[in-house]
Amino acid sequence: MTALLLLEDVSYAHARQRPGPAGFGLEKINLQVEAGDFCGILGANGSGKSTLARLCSGLYLPDSGEVLVEGYSTRDEQYRQKIRQTVGLVFQNPENQFVAETVTAETAFGLENLGIPPAEIRRRVREALDRFDLGHLAGTPPHRLSGGQKRRLSLAALWVLRPKVLLLDEPLSMLDPGSKKKIYSLLQELRREGTALLWFTPAFTEVAAADHLLVLEEGKTAWQGRPEQFWGEVGKADRWGIELPPVYEIAAGLSPSPPPVASEEEFVSWLWK
Ligand SMILES: Nc1ncnc2c1ncn2[C@@H]1O[C@H](COP(=O)(O)OP(=O)(O)OP(=O)(O)O)[C@@H](O)[C@H]1O
Ligand SMILES: [Mg+2]
């Protein structure tokens, strides 16, 4: 069967645009994402997360290796439109994504490009604004929104196109705890409906419920496995620049052999043991 998203030995070097040493590119990354998967890519600042997200979306093309979306190479011009509909990239900074004057126009933009009839566009935009709790902001310019509202708008503008996989580049960064919770649960809802999530972050807590993890270190795969196996590598988290769950850090202060806890519930049940 053809994978939804397949990376085969993907390497990429940034063109040297600044004086000084060139940033890390990516080296021989292999990854497979199937429909409905939740996959976490962990790595420090500068480890290559955003570069990898752009390669997965076809925004960058690999120097060697292949990125295949439902079997179609991102190099192949004739499938670019189809790939863009299948894979939705949520930028690290949502501002870089916005092109329209209002929340409604931003949400309609992708559908208009596909030539969908206006009545159908209106129906789907209304549905998306409801779902992402943006209805009361329909006429607001995107740059006036709060951080959490911007994130929800970037998700709504992709969701109207029904992507099969969402590439989420640090989707919870720079948000207050309330917005983090709201967006996390919206994303898990999409996942339950069958959208695959490829989630890039330095924070283990955000991807503790993933099916599969890959750790990037200086553009290379340092480790791959399931979240419960990650605890065996926890001693390397510091070197990898990965933030551990705050509850784990507290447990580590209380016990020389801290338990693998990622949530408050797990922490509390450990405390009572
Ligand atoms: N357009 C570019 N030109 C040259 N170097 C770049 C470019 N974009 C990124 N880099 C370099 O490539 C490396 C990987 O950057 P990337 O943005 O992919 O990392 P990241 O893991 O997303 O970091 P962050 O957590 O800060 O978002 C870094 O060393 C960065 O400086
Ligand atoms: Mg980044």
Side-chain angles (χ1 to χ4, degrees), residues 5 7-31 33 38-67 69 74-75 87-98 147-148 150-151 153-155 157-158 163 165-176 179-180 183-184 187 197-208 210 212-225 227 230 233 236-246:
L5 176 65
L7 275 68
E8 290 179 333
D9 280 332
V10 169
S11 297
Y12 178 84
H14 287 287
R16 188 188 277 261
Q17 292 160 333
R18 301 186 277 260
F24 304 114
L26 292 170
E27 235 181 277
K28 299 224 168 188
I29 305 294
N30 288 283
L31 184 69
V33 179
F38 176 12
C39 180
I41 310 290
L42 284 163
N45 286 141
S47 59
K49 299 182 299 296
S50 296
T51 306
L52 186 56
R54 285 166 178 246
L55 278 152
C56 291
S57 74
L59 215 54
Y60 290 170
L61 297 177
D63 295 333
S64 62
E66 288 287 343
V67 175
V69 176
T74 53
R75 294 179 199 283
V87 180
L89 171 60
V90 178
F91 283 54
Q92 184 162 358
N93 179 354
E95 301 246 344
N96 293 344
Q97 187 161 348
F98 299 145
K150 279 181 188 158
R151 266 298 162 221
L153 175 55
S154 57
L155 285 170
L158 290 173
V165 50
L166 278 174
L167 309 171
L168 304 156
D169 195 355
E170 303 199 33
L172 305 187
S173 68
M174 320 263 267
L175 299 178
D176 60 82
S179 300
K180 277 187 204 225
I183 288 164
Y184 184 85
L187 289 170
L197 306 180
L198 186 49
W199 187 306
F200 302 80
T201 179
F204 175 77
T205 313
E206 294 178 12
V207 291
H212 185 83
L213 298 178
L214 184 152
V215 174
L216 273 183
E217 186 184 21
E218 300 185 353
K220 299 185 193 75
T221 302
W223 182 80
Q224 289 200 63
F230 178 82
E233 312 292 321
K236 296 185 199 139
D238 216 27
R239 190 184 94 202
W240 288 337
I242 294 172
E243 295 161 25
L244 294 172

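Keep in mind that what you see is a predicted model, and the values were worked out from it rather than measured. Order of appearance sets the numbers: ligands from 1, and atoms from 1 within every ligand.
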- Query: If every non-hydrogen atom of T205 is compared with every non-hydrogen atom of P246, which pair is closest and at what distance?
  - Reply: OG1-CD, 4.0 Å

- Query: Does G46, backbone or side chain, put an N or O under 3.5 Å from an N or O of ligand 1?
  - Reply: yes

- Query: Under the criterion side-chain contact (heavy atoms from CB on, under 4.5 Å), which of V90, L187, L172, L168 is the partner of R151?
  - Reply: V90

- Query: With a 6.0 Å cut-off on ring centres, are Y184 and W199 close enough?
  - Reply: yes

- Message: Below the 3.5 angstrom mark, is there an N/O of T51, backbone or side chain, next to an N/O of ligand 1?
- Response: yes

- Message: Check for me whether G43 has a heavy atom closer than 4.0 Å to any atom of ligand 1.
- Response: no

- Derivation and outcome, side-chain contact (heavy atoms from CB on, under 4.5 Å), residues L198 and L166: CA-CA 6 Å; L198 186 49; L166 278 174; over 6 Å; no

- Message: Show me which atoms of ligand 1 lie under 4.0 Å from any heavy atom of Q92.
- Response: 27 (O)

- Residue from L216, L213, L214 passing side-chain contact (heavy atoms from CB on, under 4.5 Å) with L42: L213

- Query: Taking the Mg ion (ligand 2) as the vertex, how big is the angle to OG in S50 and OE1 in Q92, rounded to 10°?
  - Reply: 80°

- Query: Should you measure from each heavy atom of S50, which atoms of ligand 1 turn up under 4.0 Å away?
  - Reply: 17 (O), 18 (O), 20 (P), 22 (O), 27 (O)

- Message: Can you tell me which portion of A44 lies within the under-4.0 Å heavy-atom range of ligand 1? Options are side chain, backbone, both, or neither.
- Response: backbone

- Query: For ligand 1, which part of K49 has a heavy atom less than 4.0 Å away: the side chain, the backbone, both, or neither?
  - Reply: both

- Heavy-atom closest pair (T201 atom, K49 atom, distance to 0.1 Å) is N-CD, 3.8 Å

- Using the six-membered ring wherever Trp is involved, compare the ring planes of W223 and F230 and label them parallel, tilted or perpendicular (cut-offs 30° and 60°). perpendicular

- Message: Suppose I only count heavy atoms of E170 and a 4.0 Å limit; which atoms of ligand 1 are within that range?
- Response: 24 (P), 25 (O), 27 (O)

